[in-house]
Amino acid sequence: MIRRCAARFPVTLGGPCAVPCRHHCRSEPPSPVDDDPRGEDSEETPDTSLLTKFHSRRAWGRLLSPLDRVTQMIPPQFISQDIRDLRGAPEIEEREQGPPETPSNSSPGQEDTANPVPQCEDEMGPSRLLGTPFRPGDVLVTEFKKRHYTEFRKMFKLTESGKLMSNWGAIGHKEIVGKLPGQRLRTSIGFEFLLRRPSLEEFVLFMKRGPTISYPKDITAMLMMMDISPGDVVLEAGSGSGGMTLFLSRAVGAEGCVYSFEIRTDHHLIAQRNFRKWKNAWDIWRSHPWPENVHFINKDLSVALPDMKSVTFDAVALDMLNPHVALPALMPHLKQGGVCAVYLANITQVIDLLEGIRSCQLFLVCEKVKEVSVKDWLVAPSIRKDGTISQRVDPQRNAESELQQNESELHSDSEELPETVKPFGQIPYIARPLPWQTGHTGIK
């Protein structure tokens with residue numbers, strides 16, 4: 001009989017247990033057999049005294065509390081002194097010394113092959129957990145927050161001899177090289193800056209741009225509309241600054257392909273430069289390189305498509321001033337049932353698009369017209385101007401108690417906040433929308 005236990009591996013009953021667990025050491029009582037005397041050739045029954053001894057006690061000798069159960073899964077060196085005091089020093093020392101030795105019938109030089117104990121390999125090594133240190137060529141984001149609001153945020157490329165300048169001091173790039181993401185460095189005048197690598201959304205917002213970009217909130221909505229999967233072939237009309245191109249490149253993967261058309265040469269070069277900058281930074285700290293799956297074409301869409309007769313597209317993303325002009329040339333290359341997502345600035349352009357589809361008698365159906373609104377919120381502990389955390393005040397019913405409460409608050413303001421962490425629910429929070437929000441950006 002096999003029972004599920006904490007170790008989650010089968011153990012054959014009848015032999016010695018490798019782990020003193022009551023599930024492993026439980027055996028079925030032998031069924032009596034009539035007229036079966038023990039002869040010389042009969043097998044000996046296993047000694048069950050050891051099994052009975054382990055069966056009469058739990059694996060850890062006593063009933064485990066929730067605190068004990070959690071701390072048993074944490075390495076001893078990571079357990080704080082407060083937890084050691086709660087649990088007791090002898091238990092921690094006993095755990096650090098290892099589990100008690102269990103008697104076995106096998107000889108010292110013989111391995112126990114009947115009940116092997118699985119060995120867990122440490123797949124998450126220390127270097128994997130800490131992350132990749134910063135190297136020259138990395139693209140980083142630094143930010144400085146004062147109370148609840150971000151006072152300074154900047155994206156820059158790390159070099160060997162550069163310097164990060166700001167109104168809150170300077171940091172040399174040599175001091176940043178070798179540091180890990182999430183660490184803080186002090187500037188020349190004492191302010192702490194947080195350093196990390198940007199996400200693709202942050203890179204699109206902070207990269208150098210020529211034309212107005214498609215904002216990430218609109219790009220994600222268009223990707224959901226087009227239902228792009230790895231391996232798809234997608235057309236993009238209007239490379240712009242390359243924001244939409246980067247998201248499409250990640251969506252189609254290494255097996256897919258993106259054809260990005262741009263009629264203006266300056267916008268074409270900006271999109272190529274931003275794509276190359278993100279790819280080079282990605283290849284520095286990632287184990288797998290960013291795919292080379294984007295073809296930038298500096299031509300008019302209506303002129304270039306007739307030369308691409310053998311290419312068909314699974315989806316199309318248009319970011320143009322007059323998209324209805326390019327739709328007649330685009331229709332033969334769009335697969336049956338494919339989606340064409342159009343990014344427009346105002347509702348009058350949507351009306352012109354639908355009127356162009358009707359007048360040209362194109363086999364297209366307008367499924368939805370959508371505008372995405374996002375509201376950013378501020379949720380943080382309530383902090384006074386002197387940096388101390390506000391105290392939670394219970395509602396009062398009369399004026400005398402309110403005066404007493406105000407006097408106690410005046411005395412408590414002069415006291416320093418203790419270093420110990422307050423219990424759950426004792427810290428008041430503020431929750432309100434941020435004073436500045438991203439407004440209208442486009443219609444899809």
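- The backbone N or O of Val374 sits nowhere less than 3.5 Å from a side-chain atom of Lys217 that would complete a donor-acceptor pair.
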Could you pull out all donor-acceptor pairs under 3.5 Å where a side-chain atom in residues 228-245 meets a protein atom, sequence neighbours excluded?
from   : atom 1 : to     : atom 2 : distance (Å)
Asp232 : OD2    : Ser229 : N      : 2.8
Glu236 : OE1    : Thr245 : OG1    : 2.6
Glu236 : OE1    : Ser260 : OG     : 3.0
Glu236 : OE2    : Thr245 : OG1    : 3.4
Ser239 : OG     : Ser260 : OG     : 2.4
Ser239 : OG     : Phe261 : O      : 3.4
Ser241 : OG     : Gly210 : N      : 3.1
Ser241 : OG     : Pro211 : O      : 3.2

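- Put simply, the side chain of Ile171 reaches to within 4.5 Å of the side chain of Ile176, judged on heavy atoms.
- You'll find the side chain of Glu160 stays beyond 4.5 Å of the side chain of Val177, heavy atoms only.
- Distance NZ/Lys279 to OG/Ser249: 9.5 Å, rounded to 0.5 Å.
- Closest non-hydrogen pair, Gly356 versus His324, comes out as CA-CB, 4.2 Å.
- Looking at every heavy atom in both residues, Ser166 comes nearest to Phe152 through CB-CZ, 3.7 Å.
- Contact record, Ile284 with Pro136: CD1-O, 3.9 Å, taken as the closest heavy-atom pair.
- Looking only at distances, no side-chain donor or acceptor of Asp352 sits under 3.5 Å from a matching main-chain atom of Glu355.
- The neighbour count for Glu371 CD, taken as heavy atoms of other residues, nucleotides or ligands under 6.0 Å away, is above 12.
- Once rounded to the nearest 0.5 Å, the distance linking CG of Asp138 with OG1 of Thr132 reads 8.5 Å.
- In this structure, Trp290 and Phe275 have perpendicular ring planes: the angle between them is above 60°, well past the 30° mark.
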Under 3.5 Å, sequence neighbours excluded: what are the donor-acceptor pairs made by side chains of residues 294-310?
from   : atom 1 : to     : atom 2 : distance (Å)
Asn298 : ND2    : Thr265 : OG1    : 3.2

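- At least one donor-acceptor pair closer than 3.5 Å links the side chain of Gln349 to the backbone N or O of Leu321.
- Closest approach of Val379 to Ala431, counting heavy atoms only: CG2-CB, 4.1 Å.
- Between Met225 and Lys368, the closest side-chain pair of non-hydrogen atoms falls below 4.5 Å.
- Contacts of Phe144 classified as ring-ring contact (aromatic ring centres under 6.0 Å, His included), with partners at least two apart in sequence or in another chain: Trp168, Phe191, Phe193.
- Within the 3.5 Å criterion, the main-chain N or O of Asn280 finds no donor-acceptor partner in the side chain of Asp283.
- A donor-acceptor pair is defined here as one N or O able to donate and one able to accept, closer than 3.5 Å; such a pair exists between the side chain of Asn293 and the backbone of Gly253.
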side-chain contact (heavy atoms from CB on, under 4.5 Å) evaluation trace for Val339 with Asp227: CA-CA 8 Å; Val339 178; Asp227 195 20; over 6 Å; no
Evaluation steps, side-chain contact (heavy atoms from CB on, under 4.5 Å), between Met320 and Val325: CA-CA 10 Å; Met320 306 168 58; Val325 177; over 6 Å; no
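- Between the OG1 atom in Thr220 and the CD atom in Glu201 there is a gap of 8.0 Å [rounded to 0.5 Å].
- The environment of Glu367 atom CD is sparse: at most 12 non-hydrogen atoms of other residues, nucleotides or ligands sit within 6.0 angstrom.
- With a 4.5 Å cut-off on side-chain heavy atoms, Val350 and Cys366 do not count as touching.
- Rounded to the nearest 0.5 Å, atoms OG1 (Thr142) and CG (Leu195) are 4.5 Å apart.
- The side chain to side chain donor-acceptor pair (under 3.5 Å) search around Arg264 returns Asp266, not counting sequence neighbours.
- Looking at Pro181 and Phe134, their side chains come closer than 4.5 Å, going by heavy atoms from C-beta outward.
- For Arg184, there are no salt bridge (charged side-chain N to carboxylate O under 4.0 Å, His left out) partners two or more places apart in sequence or in a different chain.
- Considering every non-hydrogen atom in both Cys257 and Tyr259, the closest pair reads SG-CE1, 3.6 Å.
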Trace of the salt bridge (Lys or Arg N to Asp or Glu O under 4.0 Å) decision for Glu192 with Lys145: CA-CA 9 Å; Glu192 286 189 351; Lys145 288 187 176 181; over 6 Å; no
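- Applying the ring-ring contact (aromatic ring centres under 6.0 Å, His included) rule to His173 yields the partners Phe156; only residues at least two apart in sequence or on another chain are considered.
- A distance of 9.0 Å separates OG1 of Thr159 from NZ of Lys157, quoted to the nearest 0.5 Å.
- Here the side chains of Thr441 and Tyr343 are in contact, with some heavy-atom distance below 4.5 Å.
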CA sep, side-chain torsions, deciding dist, call: Arg197, Val139, side-chain contact (heavy atoms from CB on, under 4.5 Å): CA-CA 6 Å; Arg197 292 185 175 94; Val139 176; over 6 Å; no
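- Note: Met155 CE to Met207 CE = 8.0 Å, rounded to the nearest 0.5 Å.
- In this pair, Phe313 and His333 present their aromatic rings tilted. The plane angle is within the 30 to 60° band.
- Under a 3.5 Å cut-off, the side chain of Asn274 and the backbone N or O of Arg209 do not form any donor-acceptor pair.
- Taking 4.0 Å as the cut-off between side-chain N and carboxylate O, Arg196 and Glu143 count as a salt-bridged pair.
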Verdict with supporting geometry, Lys370 and Val372, side-chain contact (heavy atoms from CB on, under 4.5 Å): CA-CA 7 Å; Lys370 180 185 296 186; Val372 180; 4.2 Å; yes
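- By the 6.0 Å contact criterion, NZ on Lys179 is enclosed, its count of non-hydrogen atoms from other residues, nucleotides or ligands being greater than 12.
- Across every non-hydrogen atom of Gly182 and Leu194, the tightest pair is O-CD1, 3.3 Å.
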